**Q** 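Okay, here's the structure, questions in a sec.
This is a predicted model, so every value here is computed, not measured. The basis for the numbers below is simple: all heavy atoms, side chains too, and nothing from hydrogens, waters or symmetry mates. Position 1 is the first residue of the sequence, and the numbers go up from there.
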Amino acid sequence: MKAKNYSTGSVTSRDGTVIGYRRMGSGPGLILLHGGMQAAQNLMKLAAALSDAFAVYVPDRRGRGLSRPFGDNHGVEKEVQDLEALMAGTGARDVFGLSAGALIALRATLELATLRKVALYEPPLAIDGAPSPMAWVPRYEKELAKGDLAAAMVSCMRGTGDPSIIRMPRFVLVPLMRLAIRTDAASEARSEARDDVPLDVLIRSVHFDARLAAQMEGTVENFKAVGAEILLIGGDRSTAYLRAALNALAGILPNATRIELPGLGHIAADDAGQPERVAGVLRPFFSGDVPFRA
């Protein structure tokens, strides 16, 4: 088995939920919040790319891996409290969030005064007049209730993914996902010692991230007075509603810079994407106290 290149730790959130994290590197603290159908394991290449300049903390958001279950009354407030505990426990003041993780980081700018800089990669924020980012959720929930995890995964991927995924027919994708789930479950490479979260658990966790997105719907105007410096990142291959959300935030946030990365889509920061390119814009943004310029 390949040796770990990280250490682990944990903090306790306000409601008593333990939030575990992976840590690598040294320097100023930086927290990476993963998105839906992900866990800390999905951002390790991004963490490694940043670990030469930062002490990088990658939590398993609650309900996954090193962290305890979602608990009662799960929602965006609980996730912000988890981030608050992570910041207090690690001393980190800078945060990167991907997708649902970006929604949490965005909401935290209203509540956590200790935040210094926040980078958001394509938060699925519903904007008036734009297509709904959550139109796929009812089908996902129906398939999840039937126990068809492969179909539920495809519904999520087609709703949030890049055009190349959307164009693939369901009759091709669903069998592929069934195979992926079986292969993941049988994999000898994953073990308790590696801290990785099984794919079936990640598919079910999307139910809770969909709830976060619903709670954040229609809140863009709330961020007019945010003081933290914000970097808005997206790819030009991502779906239109994700670009619309970033453009709306760029027009609202008083201290924001908008960057579009050519050739990239929604999962660019994931280990399966091009995390080194994302790290290339995060490093100068989070380094130093001078205002960032793209």
Side-chain angles (χ1 to χ4, degrees), residues 32-38 42-50 95-106 109 117-137 153-169 172-173 206 209 212-213 216-217 220 223 229-287 291-294:
L32 310 182
L33 295 179
H34 63 77
M37 211 184 299
Q38 293 181 328
N42 293 90
L43 297 182
M44 296 311 290
K45 288 183 180 179
L46 180 61
L50 295 166
V95 176
F96 166 79
L98 168 63
S99 194
L103 288 178
I104 298 162
L106 177 63
T109 63
K117 293 188 177 187
V118 178
L120 308 175
Y121 197 103
E122 297 184 345
L125 185 66
I127 303 298
D128 291 342
S132 171
M134 309 309 292
W136 54 271
V137 171
M153 182 176 180
V154 169
S155 293
C156 177
M157 290 171 62
R158 286 170 65 90
T160 63
D162 304 334
S164 60
I165 296 173
I166 296 170
R167 285 195 296 267
M168 294 183 67
V172 174
L173 280 172
V206 173
D209 283 338
L212 298 183
M216 291 289 287
E217 184 173 351
V220 66
F223 301 98
E229 188 176 355
I230 310 291
L231 180 62
L232 302 169
I233 316 169
D236 67 0
R237 295 186 61 222
S238 296
T239 54
Y241 71 77
L242 294 168
R243 297 196 301 273
L246 288 174
N247 291 337
L249 287 169
I252 289 290
L253 291 162
N255 196 17
T257 302
R258 169 83 160 91
I259 290 180
E260 187 165 85
L261 298 175
L264 298 187
H266 191 53
I267 63 167
D270 186 279
D271 280 6
Q274 297 186 44
E276 295 82 6
R277 288 187 60 189
V278 179
V281 297
L282 295 181
R283 188 178 292 104
F285 173 68
F286 288 121
S287 295
F292 174 76
R293 292 294 178 266

**Q** Given 3.5 Å as the limit, does a donor-acceptor pair link the side chain of R258 with the main chain of G251, or not?
**A** no
**Q** Determine whether L173 and R158 satisfy the following criterion, side chain to side chain contact (heavy atoms under 4.5 Å, CB included), listing intermediate values before the conclusion.
**A** CA-CA 10 Å; L173 280 172; R158 286 170 65 90; 4.3 Å; yes
**Q** On a heavy-atom basis, which atom in A248 and which in I127 lie closest, and how many Å separate them?
**A**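 Answer, listing the atom of A248 first, then I127: CB-CD1, 3.7 Å.
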**Q** Looking at CG of L106 and CE of M216, how far apart are the two atoms once the value is rounded to the nearest 0.5 Å?
**A**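 The CG atom of L106 sits 4.5 Å away from the CE atom of M216.
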**Q** If you apply the rule side chain to side chain contact (heavy atoms under 4.5 Å, CB included), what do you find for L103 with L125, and how did you get there?
**A** CA-CA 7 Å; L103 288 178; L125 185 66; 4.1 Å; yes
**Q** Considering non-hydrogen atoms only, spot the tightest contact between P284 and G280 and give its length.
**A**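 Looking at all heavy atoms of both residues, the closest pair is CD-O, 3.2 Å.
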**Q** Could you check whether H266 and S99, counting side-chain N and O atoms only, form a donor-acceptor pair closer than 3.5 Å?
**A** yes
**Q** Take V220 and L249 through the test side chain to side chain contact (heavy atoms under 4.5 Å, CB included) and record every step on the way to the result.
**A** CA-CA 7 Å; V220 66; L249 287 169; 3.8 Å; yes
**Q** I'd like to check F286 versus L50 (side-chain heavy atoms, cut-off strictly below 4.5 Å). Are they in contact?
**A**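 No - every pair of side-chain heavy atoms lies 4.5 Å or more apart.
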**Q** List the atom of S132, the atom of Y241, and the distance in Å for their closest heavy-atom pair.
**A**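 Taking every non-hydrogen atom into account, O-CD2, 4.4 Å.
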**Q** For the atom pair OG1 (T257) and CD (E229), what is the distance rounded to the nearest 0.5 Å?
**A** 6.0 Å
**Q** Give the intermediate values and the outcome of side chain to side chain contact (heavy atoms under 4.5 Å, CB included) for residues I233 and L282.
**A** CA-CA 9 Å; I233 316 169; L282 295 181; 3.6 Å; yes
**Q** Rounded at 0.5 Å granularity, tell me how far CD in E276 sits from CZ in R283.
**A**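 Here the interatomic distance stands at 10.0 Å.
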**Q** What is the minimum heavy-atom distance between L33 and G101, and which atoms define it?
**A** CD1-O, 3.7 Å
**Q** Considering all heavy atoms of both residues, which atom of P275 and which atom of A269 are nearest to each other, and what is their separation?
**A**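 Nearest pair, atom of P275 first, then A269: CB-O, 3.6 Å.
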**Q** Measure across L232 and L246 and return the closest heavy-atom pair with its distance rounded to 0.1 Å.
**A**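 In this case the closest contact between L232 and L246 is CD1-O, 3.7 Å.
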**Q** Do D271 and N42 have side chains that approach each other closer than 4.5 Å (heavy atoms only, starting at C-beta)?
**A**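 A side-chain contact is absent here, since even the closest heavy-atom pair is not under 4.5 Å.
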**Q** With side-chain contact (heavy atoms from CB on, under 4.5 Å) as the test, pick out the partner of Y121 among L264, L231, I267.
**A**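 Output: one option passes, namely L264.
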**Q** Could you give the distance from CD (E260) to CZ (R237), rounded to the nearest 0.5 Å?
**A** 12.5 Å
**Q** Do E122 side-chain atoms and G235 backbone N/O form a donor-acceptor pair below 3.5 Å?
**A**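 Yes; judged by distance alone, with no hydrogens or angles, the pair exists.
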**Q** Could you tell me the separation between the CD1 atom of I104 and the OG1 atom of T109, rounded to the nearest 0.5 Å?
**A**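 That separation rounds to 12.5 Å.
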**Q** So, do Q38 and L98 sit near enough that their side-chain heavy atoms are less than 4.5 Å apart?
**A**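 Side chain of Q38 against side chain of L98, heavy atoms only: contact under 4.5 Å found.
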**Q** A side-chain contact here means heavy atoms from C-beta on lying under 4.5 Å apart; do R277 and P262 qualify?
**A** yes
